[in-house]
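Worksheet: the structure to be examined is printed underneath.
Lettering follows sequence order; numbering is per chain, from 1.
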Number of protein chains: 2
Amino acid sequence: MTELAVFGDPYQGTRPPTRRRGGLADDVVLYVREQILTGALKPGTKIDQEALAAALDVSRSPIREALVILGQEGLLDLIPRRGAVVADLTPEDIVDHYELFGVVGGRAAAIAADTLGEDEIEQLRAIHERFVDGTSDDLSALNWAFHRIINRTAPRRTRWLLRLLERSVPADYYEFTDGWDAQAVQHHAAILEAIVDRDPDEARRRMEHHLHESGVAAVAHLERQGFWED
Amino acid sequence: MTELAVFGDPYQGTRPPTRRRGGLADDVVLYVREQILTGALKPGTKIDQEALAAALDVSRSPIREALVILGQEGLLDLIPRRGAVVADLTPEDIVDHYELFGVVGGRAAAIAADTLGEDEIEQLRAIHERFVDGTSDDLSALNWAFHRIINRTAPRRTRWLLRLLERSVPADYYEFTDGWDAQAVQHHAAILEAIVDRDPDEARRRMEHHLHESGVAAVAHLERQGFWED
DNA sequence: CAAACGACCTTTGTATACAAAATTAAAAAT
DNA sequence: ATTTTTAATTTTGTATACAAAGGTCGTTTG
């Protein structure tokens, strides 16, 4: 894909940015995170640096940097001098995480209700329309775009935390849960309404509710997938 | 200090644990974070890995791991292939950060109001008494102990986030602000009351308010210290 | 037979070495 | 004189080498 192709992309700004390629450590993070969040790496499993390095065909340097990042995200427990272990990730953790997502995202929604420009509200409405419509092939991208418009008005530190919370949890999975889209449409509609009404408190409550339910859906989905089997 | 001394320590559990010594990277993190949060390292300053390594007399390996951690904390901007730069830290960032602390700590307080055992409430009251009294030499430790009892009942992920938020912000400074202790006593009393009343919603509101005011105090203190001069 | 000790092996943490990108400085061209 | 190009230098990212702590397993000792 060339740089120029972006200008013709109808999804402009409705999609997570294709991460500007950093170093090998980023790749390792992506790989290991995926392994953990899909359940391929079970809690308690020790990460052998040398083995991982060999498997991904890189040296231990980027491996170690990746482990530090995943440790900061809470996905690994880093015990000095005895290595990294996959952290527990119980249903309670998932629910808790989405609840946190809720209070932080709720804050963003409240701010959005206060500060979003009319033009941005119009964008939000347009995206929501397409989401309701459901004919779009990429509902996940539309969902992301909806939240993005709300979140990007939040102050810097709040945006930072939202990005952090977004990364370190199973996502993009529950979105295909049966009936989830219908529920999400309802939630989004309610949030949009509160924002249009310039009602920050209601926007916050509804965003909290939305993310709480998303957490429940995520747990249900993971359970169905056998994430906690064996 | 020997291990055994702990058993005779009257401050048992009222003090942040003296970090179990990890690797050199931890030391570097502590050092650089201190430099940033005291204003010695101004936003925009580039971190020269080699120079830092030389200054701290370690190799670049632990330096790089430290920079990754500080990047995750949002104190550094890590730009691939061109190094680490001290991130902006405006008054708005500080306020925002404490506001986030508020919503997360508020959640913890709400949970505490619901789930704290009578014995723990008694501990909380005892600590608060000593805090009110003010004769203790270490008000900061008592303040920390108060919050700790509340926070440790929170679920795992919430505790993780609280620790993260606690680290990456100027703290322990505003505590010596003129009049802050008096205000904190008021706030703590109100929070304690809500917990005793088993009123989660009020506990949350009051904790949010407490941390909001703490943020304002922190900014005022930093401004007075000339943190944003030059 | 169980617990404790110790030699051996493995794995982590740190330092150093090397390759490639980015920055700087100098030279050439407009 | 200013801008562009190109060569030299610095600095990052990655790989490898080395030292020390941790773990293992067999032996010894009570």
Counting only side-chain heavy atoms from C-beta out, which of C:dA15, C:dA21, D:dA21 sits nearest to B:Arg81? C:dA21

Is a donor-acceptor pair below 3.5 Å formed from side chain A:Arg60 to base C:dG13, judging by atom type as modelled? yes

Salt-bridge test for A:Arg167 and A:Glu73: reply yes if a basic N is under 4.0 Å from a carboxylate O, no otherwise. yes

In whole Å, I'd like the distance from the CZ atom of A:Arg64 to the C1' atom of D:dT16. 14 Å

Which residues in residues 47-56 of chain B have at least one heavy atom lying under 4.0 Å from any atom of DNA chain D? B:Ile47, B:Asp48, B:Gln49, B:Glu50

Under 3.5 Å, side chain of A:Trp228 to main-chain N/O of A:Leu89, donor-acceptor pair present? yes

Toward the 5' end of DNA chain D, by each residue's nearest nucleotide, B:Lys46 or B:Ser61: B:Lys46

Rounded to whole angstrom units, what separation is found between the CG atom of B:Asp26 and the C1' atom of C:dT14? 14 Å

Within 6.0 Å of CG in B:Asp57, more than 12 heavy atoms from elsewhere: no

A:Arg82 side chain: which of C:dT14, D:dG22, D:dT12 is closest? D:dG22

Side-chain donor-acceptor contact under 3.5 Å, B:His221 with B:Gln225: yes

In whole angstroms, the gap separating P of D:dG13 from CD1 of B:Ile63 amounts to 14 Å

